[in-house]
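Have a look at the structure below, then the notes.
The chains referred to below are lettered A, B, ... by the order of the sequence lines, with proteins before strands, and numbering in each begins at 1. All values derive from a computational prediction rather than experimental measurement.
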Amino acid sequence: MSKGCGDPLLLDADSRPRSCHPLGREFFARPPRRVARELLGKVLLRVEDGEIRAGRIVETEAYLGANDAAAHSAAGKTARNAVLFGPPGYAYVYFIYGAHYCLNVSCEQEGKAGGVLFRALEPLIGMEAMARARKLMTHGAGGHFAGDLRLLTSGPGRLAAAFGITRLRDNGCDLTSPDSSLWIGEDDFAKATVKVGPRIGITKAAAHPLRFFLAGNRFVSGPKSWR
DNA sequence: ATATCGATTATCT
DNA sequence: GATAATCGATATG
């Protein structure tokens with residue numbers, strides 16, 4: 001039983017999230033370790049053609065700029081990773097394994113690299129659109145996704161696909177502005193216990209405990225033994 | 001339930 | 001030319 005399931009966002013007449021307000025730039029202008037931990041329980045929103053997709057952030061990883069061999073920014077600024085060196089609160093989207101996009105948010109002040117990878121969300125709103133974007137809609141289900149909701153947003157590649165995130169569209173997007181198609185909000189969610197462990201899928205600097213997740217949440221990625 | 005493996009391409013050496 | 005902050009399919013216990 002995951003916490004947060006019965007914590008719906010209230011929507012006003014414009015279908016805009018009412019009880020959810022954007023996180024300010026200063027939230028992200030801090031060390032990635034801190035931002036990664038505090039992002040747990042916050043909400044990622046995609047607003048497109050008046051339609052909303054939203055998910056509770058339940059798993060993140062911190063990447064520490066120059067002091068972290070596993071970070072994309074470790075070897076210095078390039079065209080690909082430039083957003084990580086820019087001002088805080090912007091989307092860094094990269095393409096990996098010839099197949100998947102992954103979403104990060106820039107941290108620290110401009111000039112200092114650092115970021116947080118979004119690893120898993122608990123779906124709140126727009127599961128049908130997420131299933132469509134993931135190409136998981138089954139025939140004859142009457143527009144309702146009947147499969148396991150974990151297939152939508154449990155994993156960095158999956159959540160990016162579910163939210164229609166691509167580098168072309170979203171790299172450099174301001175995640176602190178509700179006028180953006182993609183932004184991060186805060187509601188009255190009471191955060192559950194946070195757990196920490198080593199990051200996933202990396203070879204360099206693999207031992208550091210920089211993966212954060214909500215204890216026992218079923219939407220945390222990977223096998224049960226990781227939750 | 002856990003393990004292994006192939007796919008596929010942007011980016012960097 | 002090698003590598004990668006992943007996923008889904010398949011095999012095996």
Tightest non-hydrogen contact, residues A:Ser106 and A:Pro87, listed as OG-O, 2.8 Å
Taken to the nearest 0.5 Å, the spacing of A:Leu40 CG from A:Thr60 OG1 works out to 4.5 Å
For A:Glu61 and A:Ala36 the tightest heavy-atom approach is C-CB, 4.3 Å
Comparing A:Lys224 with A:Ala75, nearest DNA chain B nucleotide closer to 5' gives the residue A:Lys224
| request: Examine A:Leu44 and A:Tyr94 and state if one hydrophobic cluster contains both, with Ile, Leu, Val, Met, Phe, Trp and Tyr joined whenever side-chain heavy atoms are less than 4.5 Å apart. | output: no
From CG of A:Asp148 across to C1' of C:dG8 the rounded distance in Å is 14 Å
Between A:Arg119 and A:Ser221 the two heavy atoms that sit nearest each other are NH2-OG, 3.3 Å
Output one line per pair: protein atom, nucleotide atom from nucleotides 3-7 of chain C, and distance, for all N/O pairs under 3.5 Å.
{"residue": "C:dA5", "atom": "OP1", "partner": "A:His72", "partner atom": "NE2", "Å": "2.9"}
{"residue": "C:dA5", "atom": "O4'", "partner": "A:Tyr63", "partner atom": "OH", "Å": "3.4"}
{"residue": "C:dA5", "atom": "N9", "partner": "A:Tyr94", "partner atom": "OH", "Å": "3.4"}
{"residue": "C:dA5", "atom": "N7", "partner": "A:Ala70", "partner atom": "O", "Å": "3.3"}
{"residue": "C:dA5", "atom": "N7", "partner": "A:His72", "partner atom": "NE2", "Å": "3.0"}
{"residue": "C:dA5", "atom": "N6", "partner": "A:His72", "partner atom": "N", "Å": "3.4"}
{"residue": "C:dA5", "atom": "N1", "partner": "A:Asn104", "partner atom": "OD1", "Å": "2.4"}
{"residue": "C:dA5", "atom": "N3", "partner": "A:Tyr94", "partner atom": "OH", "Å": "3.0"}
{"residue": "C:dT6", "atom": "OP1", "partner": "A:Arg119", "partner atom": "NH1", "Å": "3.0"}
{"residue": "C:dT6", "atom": "O3'", "partner": "A:Gly157", "partner atom": "N", "Å": "3.4"}
{"residue": "C:dT6", "atom": "O2", "partner": "A:His100", "partner atom": "NE2", "Å": "2.9"}
{"residue": "C:dC7", "atom": "OP1", "partner": "A:Pro156", "partner atom": "N", "Å": "3.3"}
{"residue": "C:dC7", "atom": "OP1", "partner": "A:Gly157", "partner atom": "N", "Å": "2.9"}
{"residue": "C:dC7", "atom": "OP1", "partner": "A:Arg158", "partner atom": "N", "Å": "3.1"}
{"residue": "C:dC7", "atom": "O4'", "partner": "A:His100", "partner atom": "NE2", "Å": "3.0"}

Nearest heavy-atom contact between A:Leu23 and A:Thr176 is O-CB, 3.4 Å
task: Using modelled atom types only, decide if a donor and an acceptor are shared between the side chain of A:Arg150 and the backbone of A:Phe219 within a distance under 3.5 Å.
output: no
The reported gap from CG in A:Leu214 to CZ in A:Arg227 (rounded to nearest 0.5 angstrom) is 12.5 Å
Footprint ends on DNA chain B, 5' to 3', for atoms under 4.0 angstrom from a heavy atom of chain A, come out as B:dT2 to B:dC12
So the stems of DNA chain B, runs of at least three Watson-Crick or G-U pairs (under 3.5 Å), are B:1-7 with C:6-12, B:9-12 with C:1-4
Note: A:Lys191 and A:Glu38 closest approach over all heavy atoms is NZ-CA, 3.8 Å
Does A:Arg30 make a cation-pi contact with A:Phe27, if we ask for NZ or CZ under 6.0 Å from the ring centre and within 45° of the axis?
yes
